[in-house]
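Note that the coordinates shown come from a computational prediction; the quantities given were computed from them, not determined experimentally. The sequence lines fix the lettering, A, B, ..., with proteins before strands; numbering per chain opens at 1.
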Protein chains: 2
Amino acid sequence: MQRKTTQREAIVQVLEEASDPLTPNEIQEESNSLRPGIGIATVYRAVKALVEDGWLTTVEIPGEPNRYERADKPHHHHFHCRSCGKVYDVEGCPGNIKQLTPKGFTTESHELTLKGICAECSTTNGVNPG
Amino acid sequence: MQRKTTQREAIVQVLEEASDPLTPNEIQEESNSLRPGIGIATVYRAVKALVEDGWLTTVEIPGEPNRYERADKPHHHHFHCRSCGKVYDVEGCPGNIKQLTPKGFTTESHELTLKGICAECSTTNGVNPG
DNA sequence: GACGCAATGATAATTCATTATCACTAAGCC
DNA sequence: GGCTTAGTGATAATGAATTATCATTGCGTC
C-alpha cells in the first residue's frame with residue numbers, strides 16, 4: 001500500500017507552492033529545507049509517481065534537464081534565462097499557432113520557449129541584456 | 001591549414017541540399033551514400049566547425065539530439081512528428097511573441113515547436129492522427 | 001614522387017540525467 | 001511496543017550523446 005512519508009510530503013509541498021517548473025535537483029534542494037536528508041533517488045521516485053497520477057506535467061527545455069510543474073495550470077509557455085538558467089512561466093499564447101501547420105500535417109500540441117535575460121539577471125550587473 | 005577532403009565535401013553537400021534539420025546520425029547516413037566510410041566522429045567535427053563558421057545553426061528539440069541546418073534560412077519554426085520522430089521546417093511565425101515577455105525580462109529569441117503527426121505518417125496506416 | 005601534418009575512423013572515454021541495487025528505516029497494522 | 005514491508009538514501013549502473021585518443025590516411029607543397 002502507498003505510505004505517507006515525510007519525504008513525499010515535503011516534495012509535494014514544494015511543488016504545490018512552486019510558481020515555476022523545477023528540476024529534480026531544485027526539488028531536492030527545496031525539499032531538504034523542509035525536511036533535510038531527502039535523496040535524489042527519492043525525488044525521482046516521487047516525481048515519476050506524481051506524473052503518472054497526472055498531478056505533475058513535464059516541462060522540456062532543449063539542452064536542459066526536465067522540469068516539473070503542477071498539471072492544473074492553465075495553458076502557458078516558458079521563458080528560459082540564458083544567464084542564470086532558470087525557467088519561468090509565461091502567461092498567454094500567441095493563439096494562431098495551428099495555422100502554421102503544413103498541409104497534411106496534424107498539430108496536437110505546441111511548445112513555445114522564449115529565451116533571453118530574466119528580470120533578476122537584468123538588474124544584476126555582470127550580464128549584458130543586449 | 002584547413003584541407004579539402006572528400007568527407008567534408010560530402011557532409012557539406014548533404015546539409016546544403018537538406019530541406020529539414022538533420023541529426024549527426026542522419027548526416028552520417030546520407031553522407032555515406034555520397035562517400036562511403038565516413039565516421040561519426042568526422043561528422044561531429046565537421047558540424048562543430050561549420051557551426052563555429054556560422055554556416056550552420058543548431059536546432060534543439062526537447063528530448064531529441066541536436067539537429068543542424070543552414071543558417072541562411074529565413075526565420076521559421078519546426079514540426080516534430082511523434083510517430084516517425086522526424087523534424088520538419090515550418091514556414092512563418094505567429095509574430096506577436098515578444099508581447100508575452102514578462103515585465104523586466106528581455107526576450108532575445110524564441111523557439112516554437114509544433115508536435116503531432118506528419119503528412120507521411122498520416123497517410124500510412126498504423127498511426128492514429130487523432 | 002616524397003614529406004609533413006591535418007584529417008580521418010574506430011573506439012574508448014566522458015558527461016549528464018536517470019534508474020537499479022540493497023541494506024537500513026520507519027509507516028501502518030496488530 | 002513489535003512486525004511486516006514499502007520507502008528511503010547512498011551509490012553503482014545504465015543509456016545516450018558527444019568528445020578524446022591515437023594509429024593510419026591522404027591533401028597540399030616542394
How far apart are the closest heavy atoms of Cys81(B) and Cys84(B), and which atoms are they? SG-N, 3.4 Å

Given the rule that I, L, V, M, F, W and Y join up when any side-chain heavy atoms are under 4.5 Å apart, are Leu112(B) and Leu114(A) in one cluster? yes

Earlier contact from the 5' end, DNA chain D, for Thr6(B) and Ala41(B): Ala41(B)

Ignoring backbone atoms, test whether Thr5(A) places a side-chain nitrogen or oxygen under 4.0 Å from the OP1 or OP2 oxygen of dT8(D). yes

Nearest atoms (heavy-atom pairs only) where Gly37(A) meets Asn32(A): N-OD1, 2.5 Å

How about His75(A) and His110(A): does a side-chain donor come under 3.5 Å of a side-chain acceptor? yes

Round to the nearest Å and state the distance from Arg8(B) atom CZ to dC27(D) atom P. 12 Å

Going by number, which of residues 26-35 of chain A have a non-hydrogen atom under 4.0 Å from DNA chain D? Arg35(A)

I need the residues from residues 45-62 of chain B with at least one non-hydrogen atom less than 4.0 Å from DNA chain C; give them sorted by number, or say none. Arg45(B)

Sequence neighbours left out, what passes salt bridge (Lys or Arg N to Asp or Glu O under 4.0 Å) with Glu64(A)? Give chain and number order. Arg67(A)

Got a list of protein N/O to nucleotides 1-5 of chain C N/O distances below 3.5 Å?
{"residue": "dG4(C)", "atom": "N2", "partner": "Arg3(B)", "partner atom": "NH2", "Å": "2.9"}
{"residue": "dC5(C)", "atom": "O2", "partner": "Arg3(B)", "partner atom": "NH1", "Å": "3.1"}
{"residue": "dC5(C)", "atom": "O2", "partner": "Arg3(B)", "partner atom": "NH2", "Å": "3.3"}

Residues in side chain to side chain donor-acceptor pair (under 3.5 Å) with Asp72(A), at least two apart? Arg70(A)

List in chain and number order the residues that pass ring-ring contact (aromatic ring centres under 6.0 Å, His included) with Phe105(B), two or more places apart in sequence or in another chain; answer none if no residue qualifies. Phe79(A), Tyr88(A)

Contact summary for Ser83(A) and Cys121(A), nearest pair of heavy atoms: OG-SG, 3.5 Å

For residues 2-20 of chain A, please give each side-chain donor-acceptor pair under 3.5 Å, one per line with the distance, not counting sequence neighbours.
{"residue": "Thr5(A)", "atom": "OG1", "partner": "Arg8(A)", "partner atom": "N", "Å": "3.1"}
{"residue": "Thr6(A)", "atom": "OG1", "partner": "Arg35(A)", "partner atom": "NE", "Å": "3.0"}
{"residue": "Arg8(A)", "atom": "NH2", "partner": "Arg3(A)", "partner atom": "O", "Å": "3.0"}
{"residue": "Gln13(A)", "atom": "NE2", "partner": "Glu17(A)", "partner atom": "OE2", "Å": "3.3"}
{"residue": "Asp20(A)", "atom": "OD1", "partner": "Asp89(A)", "partner atom": "N", "Å": "2.9"}

Shortest non-hydrogen contact from Leu100(B) toward Glu91(A): CD2-O, 3.7 Å

Dot-bracket for DNA chain C, 5' to 3', counting Watson-Crick or G-U wobble pairs under 3.5 Å, with [ ] for crossing pairs and | for inter-strand pairs? ||||||||||||||||||||||||||||||

Within one Ile-Leu-Val-Met-Phe-Trp-Tyr cluster: Tyr68(B) and Val87(B), side-chain cutoff 4.5 Å: no

Those residues at least two apart in sequence (or on a different chain) that pass side chain to side chain contact (heavy atoms under 4.5 Å, CB included) with Glu111(A) are Glu60(A), Pro62(B), Lys115(B)

Hey, can you pull the donor-acceptor pairs under 3.5 Å for the side chains in residues 22-30 of chain B, sequence neighbours left out?
{"residue": "Thr23(B)", "atom": "OG1", "partner": "Glu26(B)", "partner atom": "N", "Å": "3.1"}
{"residue": "Glu26(B)", "atom": "OE1", "partner": "Thr23(B)", "partner atom": "N", "Å": "2.9"}
{"residue": "Gln28(B)", "atom": "NE2", "partner": "Ile38(B)", "partner atom": "O", "Å": "3.1"}

Show the nearest heavy-atom pair for residues Gly92(B) and His77(B), with the distance to one decimal. O-CD2, 3.5 Å

Could you list all N or O pairs between the protein and nucleotides 16-18 of chain D that sit under 3.5 Å apart?
{"residue": "dT18(D)", "atom": "OP2", "partner": "Tyr44(B)", "partner atom": "OH", "Å": "2.6"}

Tell me, which pairs form a side-chain hydrogen bond (donor to acceptor under 3.5 Å, both in side chains) where one or both residues lie in residues 93-103 of chain B, sequence neighbours left out? Thr101(B)-Thr107(B)

Quick check on dG7(D): is either OP1 or OP2 less than 4.0 Å from any side-chain nitrogen or oxygen of Gln2(A)? yes

Spacing of Glu9(B) atom CD relative to dG26(D) atom C1', expressed in whole Å: 13 Å

